[in-house]
J.: 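For reference, the structure I am asking about is given below.
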Amino acid sequence: MKNIPAEIQKYFKNALNRKNIPANQHGLYFKWLKYYLDYCEKYNYDPYNLNSIPDFLKKLQEKRQSDSQQKQAKDAIHIFLDLYTSKEQNANKGNYSGQQKVAEKKLTYQENLQSKSKSPQNKHSEPNNKADWQSAMQSLNNEIQVRHYSNRTLQSYSTWVYKFRDYTGKKSPLDLETSDVKSYLSHLAVNKNMAASSQNQAFNALLFFFRHVLGKEFGNVEGVVRAKRNNYIPVVLTREEIDRIITHLQYPHDLVIQLLYGCGLRLFECLNLRINNFNFDFEILTVHDGKGKKDRSVPLPKKLIPKLLEHMERVKKLHDKDLEAEYDGVFMFDNIESKYKNSAKELTWQWFFPGTYLTHVPETGERKRYHLHESHVQKALKQAVQKAKIIKRVTCHTFRHSFASHLLQANYDIRTIQELLGHSNIQTTMIYTHTIQSRTKKKARSPLDFDN
């Protein structure tokens, strides 16, 4: 790996200081910058082009770098690109930002396809293919963000499109056909032995890519070998097992798990809760923008309300400290901050499960607070399950399964459970009928237990 030129090191270090990056982290930022420059040189990327970043981050994912490491690497690259933009602006005596400059040059991917199809240049050349894919992936990112899809959807769709690109030998997006998709989906089922859910996810990702990025109709995909779908029965814990696990959890992870079970929440729904989601007067919790951007209300467990109120007082004290430290608020959704200027600092919009540290935003230099990271809850739960000596396969979603199964076991109506879970289709809720013994049928017994 080549060393960073001394001039760039000097300017980069000054930029880190201006962004208030702690001195003990400078070495890590320099390390990520070295990795990035080395990657761009090895794979013939332009290090000063924003489109080079997604492929680099994908490489970090393949190397199993953690989310925090990937974020730090992304921050380092953006600081470097901001530095380059500033130097270029000084040279040109311009008065506009780097983001505006990029926006002025940006075309939709369909416009790029039209201009390239009319060009006499060889569109199948390797450099052009690389540029085509970079532009396509940037367009995919834009299309997903315009529709306000989650970051998980963006990550999932991008991963499948990258795998599809590699399968086709990095063929130019201009040359992709429905037959390529058929071949790839069959390859997943036959050669990769992929689960049906994964194959369907790949199908949805490529359908979105063809329709909204390439501007092509997907066409008929009959004849694809489909992975066999298993009749999955969720793992359900007993109430005694749940209590044993919770006793081995520390605050605030124990409170998170209790909400997952007590309200039937998904993990991301729980961690995205804000102060204004709770109505203690009516003992109701409102979940906004759940899966599928749906809202729903669920009853708060009465036994949990004292703990929730105590926890809220801690959140208020943390909020007061943040205001004294002149932080820049919490991360908000959509573009609500432009409509309500001070909303990010208002108590009602604070995370109910705030993160431990403030997050530095390199693009703006702001210090904002994010919610508790999901990996922290998952690791704490794994350790608690081991200490409780539970031999079942337990994840955070297991508590949502247990919520539904225990309600069904208590003779709650299946439609009521459907509403509490936020399912669009009753068939999704019906799976929980397989997790309990029916009260209307004779309980099945093993013949080994029959009397002689």
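The chain is numbered in sequence order, starting from 1.
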J.: Taking atom NZ of K294 as the centre, does the number of heavy atoms from other residues, nucleotides or ligands within less than 6.0 Å exceed 12?
T.: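 Yes, the 6.0 Å shell around NZ holds more than 12 heavy atoms from other groups.
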J.: More than 12 non-hydrogen atoms from neighbouring residues, nucleotides or ligands closer than 6.0 Å to CG on N342, yes or no?
T.: no
J.: Is a side-chain N or O of Q350 found less than 3.5 angstrom from the main chain of E346, in a donor-acceptor match?
T.: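 Yes; at least one donor-acceptor contact below 3.5 Å.
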J.: For S139 and S135, indicate whether the former's side chain and the latter's backbone hold a donor-acceptor pair under 3.5 Å.
T.: no
J.: Around atom NZ of K368, are there more than 12 heavy atoms from other residues, nucleotides or ligands closer than 6.0 Å?
T.: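 Atom NZ in K368 is crowded, with more than 12 foreign heavy atoms closer than 6.0 Å.
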J.: A quick test of your reading: do over 12 heavy atoms of other residues, nucleotides or ligands sit less than 6.0 Å from OH of Y412?
T.: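 No, the 6.0 Å shell around OH holds no more than 12 heavy atoms from other groups.
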J.: Taking it one step at a time, do Y327 and E366 satisfy side-chain contact (heavy atoms from CB on, under 4.5 Å)?
T.: CA-CA 8 Å; Y327 84 134; E366 294 177 313; over 6 Å; no
J.: For N277 and R274, indicate whether the former's side chain and the latter's backbone hold a donor-acceptor pair under 3.5 Å.
T.: yes
J.: After noting the C-alpha distance and the side-chain angles of T395 and H397, does the key distance pass the side-chain hydrogen bond (donor to acceptor under 3.5 Å, both in side chains) rule?
T.: CA-CA 5 Å; T395 67; H397 213 67; over 6 Å; no
J.: Taking R165's backbone N and O only, do any of them form a donor-acceptor pair with W133's side chain (distance below 3.5 Å, no angle check)?
T.: no
J.: With distance as the sole test, does N276 use its side chain to make a donor-acceptor pair with the main-chain N or O of T348 at under 3.5 Å?
T.: yes
J.: With the threshold set at 4.0 Å, does a side-chain nitrogen-carboxylate oxygen contact exist between E374 and K379?
T.: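 Between K379 and E374 there is no salt bridge, as every charged N stays at least 4.0 Å from the carboxylate O atoms.
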J.: Hey, mind stepping through F333 and H288 against ring pair (Phe, Tyr, Trp, His ring centres under 6.0 Å) and telling me if it holds?
T.: CA-CA 11 Å; F333 55 93; H288 293 297; 8.6 Å; no
J.: Can E269 and R296 be counted as an ion pair, charged N to O under 4.0 angstrom?
T.: yes
J.: Once you measure the plane-to-plane angle for Y261 and H406, does it fall in the parallel (<30°), tilted (30-60°) or perpendicular (>60°) bin?
T.: perpendicular
J.: Would you sort out whether F278 and E283 count as a side-chain contact (heavy atoms from CB on, under 4.5 Å), showing the intermediate values?
T.: CA-CA 8 Å; F278 291 82; E283 299 178 352; over 6 Å; no
J.: Given 3.5 Å as the limit, does a donor-acceptor pair link the side chain of S158 with the main chain of Q155, or not?
T.: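 No, the answer is negative, given that no donor and acceptor are paired below the 3.5 Å cut-off.
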J.: Around atom NZ of K392, are there more than 12 heavy atoms from other residues, nucleotides or ligands closer than 6.0 Å?
T.: yes
J.: Give the C-alpha distance, both sets of side-chain angles, the deciding distance and a yes or no for side-chain contact (heavy atoms from CB on, under 4.5 Å) between F208 and V161.
T.: CA-CA 10 Å; F208 185 92; V161 173; over 6 Å; no
J.: Determine, using ring centers only, whether W160 and Y157 are less than 6.0 Å apart.
T.: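 Y157 vs W160: aromatic centres not under 6.0 Å.
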J.: Nearest 0.5 Å, please: how far is CZ in F353 from CG in L271?
T.: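 L271 CG to F353 CZ: 7.5 Å, rounded to 0.5 Å.
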J.: Going by the side-chain hydrogen bond (donor to acceptor under 3.5 Å, both in side chains) test, name the single residue among Q72, K71, H78 that passes it with D75.
T.: K71
J.: As a test of understanding, state which of K316, R367, R369 forms a salt bridge (charged side-chain N to carboxylate O under 4.0 Å, His left out) with D322.
T.: R369
J.: Which atom names give the shortest non-hydrogen contact between A202 and L188, and what distance separates them?
T.: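 Reported closest heavy-atom pair: CB-CD1, 3.8 Å.
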J.: Looking at E240 and R244, is there a salt bridge between them, counting it only when a charged N and a carboxylate O are closer than 4.0 Å?
T.: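 Judged by the 4.0 Å cut-off on N to carboxylate O distance, R244 and E240 do form a salt bridge.
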J.: May I ask you to decide if Q383's main-chain N or O and Q386's side chain share a donor-acceptor pair within less than 3.5 Å?
T.: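 Here the side-chain-to-backbone pair does not exist.
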J.: Is there a side-chain hydrogen bond (donor to acceptor under 3.5 Å, both in side chains) between N142 and Q138? Walk through the geometry before answering.
T.: CA-CA 6 Å; N142 295 339; Q138 182 61 46; 3.3 Å; yes
J.: Hey, is the main chain of L255 close enough, under 3.5 Å, to the side chain of H311 for a donor-acceptor pair?
T.: no
J.: For H423, is there any backbone N or O sitting under 3.5 Å from a side-chain donor or acceptor partner on Q418?
T.: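 Between the backbone of H423 and the side chain of Q418 there is a qualifying donor-acceptor contact (under 3.5 Å).
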J.: Does S375 offer a backbone N or O that forms a donor-acceptor pair with the side chain of H373 under 3.5 Å?
T.: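 Side chain of H373 to backbone of S375: a pair is present.
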J.: Determine whether Y162 and D55 satisfy the following criterion, side-chain hydrogen bond (donor to acceptor under 3.5 Å, both in side chains), listing intermediate values before the conclusion.
T.: CA-CA 9 Å; Y162 275 124; D55 277 359; 2.5 Å; yes
J.: How about NZ on K13, more than 12 heavy atoms from neighbouring residues, nucleotides or ligands closer than 6.0 Å, or not?
T.: no
J.: How far does CG of N279 sit from CG of L300, to the nearest 0.5 angstrom?
T.: 8.5 Å
J.: Do R266's NZ or CZ and the ring of F399 fall within the cation-pi criteria of under 6.0 Å and 45°?
T.: no
J.: Quick one: are L259 and L273 in side-chain contact, heavy atoms under 4.5 Å?
T.: yes
J.: Assess whether atom CZ of F268 is packed by more than 12 heavy atoms of other residues, nucleotides or ligands within 6.0 Å.
T.: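 Count over threshold, so yes.
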J.: Parallel, tilted or perpendicular for H371 and W351, by the 30°/60° rule?
T.: perpendicular
